[in-house]
Amino acid sequence: MIDIYKKILEAKSRKQKLLAILLDPDKLDLNSISSVISKINKSPATHILVGGSSFVGDHLNELIIAIKSKTSLPILLFPGHSSQISANADGILFLQLLSGRNPIYLIEQQIEAVPILEKTNLEIISTGYILIESGGETAVERVSKTKPLSRNNPEYVAQTAKAGELIGNKLIYLEAGSGAKTAVPLEIISSVSKRISIPLIVGGGIRSKKQIDEAFANGADMVVIGTAFENNVNFFD
Ligand code: 1GP
């Protein structure tokens, strides 16, 4: 066990910012793994997330074993469904869709995951997942059949995040959705980060180094980059 959460907390207390690259198993083929991971190893990334809302393939184990053989970065599952769990990863963001009002993603998927998780040594990190409006329907919205929270009401988003912390979530993830037109507004990042004491992850629609820095400056502890790296593996060069 590599104690991923403890290290995230230590980084937060040192004000060291974290960067995760999200790999979507649907878009990654085994032949390109070597070159993709070698780019990640040379980038400022501190974590690798693996997952996607629509992924249904059965090559997840193989993919993670291949990634793991080429990097020492911690690999965290970011599952859209209880079937997207691999014992070969290091940990899992055990997500609860706090912005939605669909019991399937508030508790049913989590119950379904229990017998699968019990057969693994994955580090399970309870994560309150909050989807924010981003100017168009995102895959999370479509798959979860839930509405995102308004991007114009930072107080309500902060209250939602705080409720997650009080329920016992160990992380809060503010999500605009993969490939979102607009990222989570800085005002929302700032109001959430001031309200909670647990680490804050921000992702979705972040396409430039300037946006990454702005998210950090407004209180994000970890930024997630998916599409921008997927479209250009030289993004961090
Ligand atoms: C999606 O937050 C992640 O769940 C990353 O989003 O693909 O837009 O970078 P992007």
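Small disclaimer: the values here were computed from a predicted structure and weren't measured. Counting starts at 1 for both ligands and their atoms, following the listed order. Worth knowing before you read on, the calculation uses all heavy atoms, side chains too, and leaves out hydrogens, waters and symmetry mates.
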Centres of the Y129 and Y173 rings: under 6.0 Å? yes
Please table the atom pairs, donor to acceptor, closer than 3.5 Å between any side-chain atom in residues 217-225 and protein atoms at least two apart or in another chain.
| from | atom 1 | to | atom 2 | distance (Å) |
| --- | --- | --- | --- | --- |
| N218 | ND2 | E214 | O | 2.8 |
| D221 | OD1 | K12 | NZ | 3.4 |
| D221 | OD2 | K12 | NZ | 3.1 |
| D221 | OD2 | L200 | N | 2.8 |

Test item: side-chain donor near acceptor, N41 and T71, under 3.5 Å: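 Yes, because at least one side-chain N or O of N41 sits under 3.5 Å from a partner of the opposite role on T71.
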K181: salt bridge (charged side-chain N to carboxylate O under 4.0 Å, His left out) partners, not counting sequence neighbours: none
Is it the case that over 12 heavy atoms from other parts of the model lie below 6.0 angstrom from the CD atom of E187?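 Open.
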Please tabulate, for side-chain N and O atoms in residues 105-114, each donor-acceptor pair with protein atoms closer than 3.5 Å (sequence neighbours left out).
| from | atom 1 | to | atom 2 | distance (Å) |
| --- | --- | --- | --- | --- |
| Q109 | OE1 | S82 | N | 2.7 |
| Q109 | OE1 | S82 | OG | 3.3 |
| Q110 | OE1 | I107 | N | 3.1 |
| Q110 | NE2 | L95 | O | 2.7 |
| Q110 | NE2 | Y105 | O | 3.2 |
| Q110 | NE2 | L106 | O | 3.4 |
| E112 | OE1 | S82 | OG | 3.1 |

What does the N/O contact table under 3.5 Å look like for ligand 1?
| from | atom 1 | to | atom 2 | distance (Å) |
| --- | --- | --- | --- | --- |
| ligand 1 | 2 (O) | Y173 | OH | 2.9 |
| ligand 1 | 2 (O) | E175 | OE1 | 2.8 |
| ligand 1 | 2 (O) | E175 | OE2 | 3.3 |
| ligand 1 | 2 (O) | G204 | N | 3.0 |
| ligand 1 | 4 (O) | E175 | OE1 | 3.4 |
| ligand 1 | 4 (O) | E175 | OE2 | 2.4 |
| ligand 1 | 6 (O) | G204 | N | 3.4 |
| ligand 1 | 7 (O) | S178 | OG | 2.7 |
| ligand 1 | 7 (O) | T227 | N | 2.8 |
| ligand 1 | 7 (O) | T227 | OG1 | 2.5 |
| ligand 1 | 8 (O) | G179 | N | 2.7 |
| ligand 1 | 8 (O) | G205 | N | 2.7 |
| ligand 1 | 9 (O) | G226 | N | 2.8 |
| ligand 1 | 9 (O) | T227 | N | 3.3 |

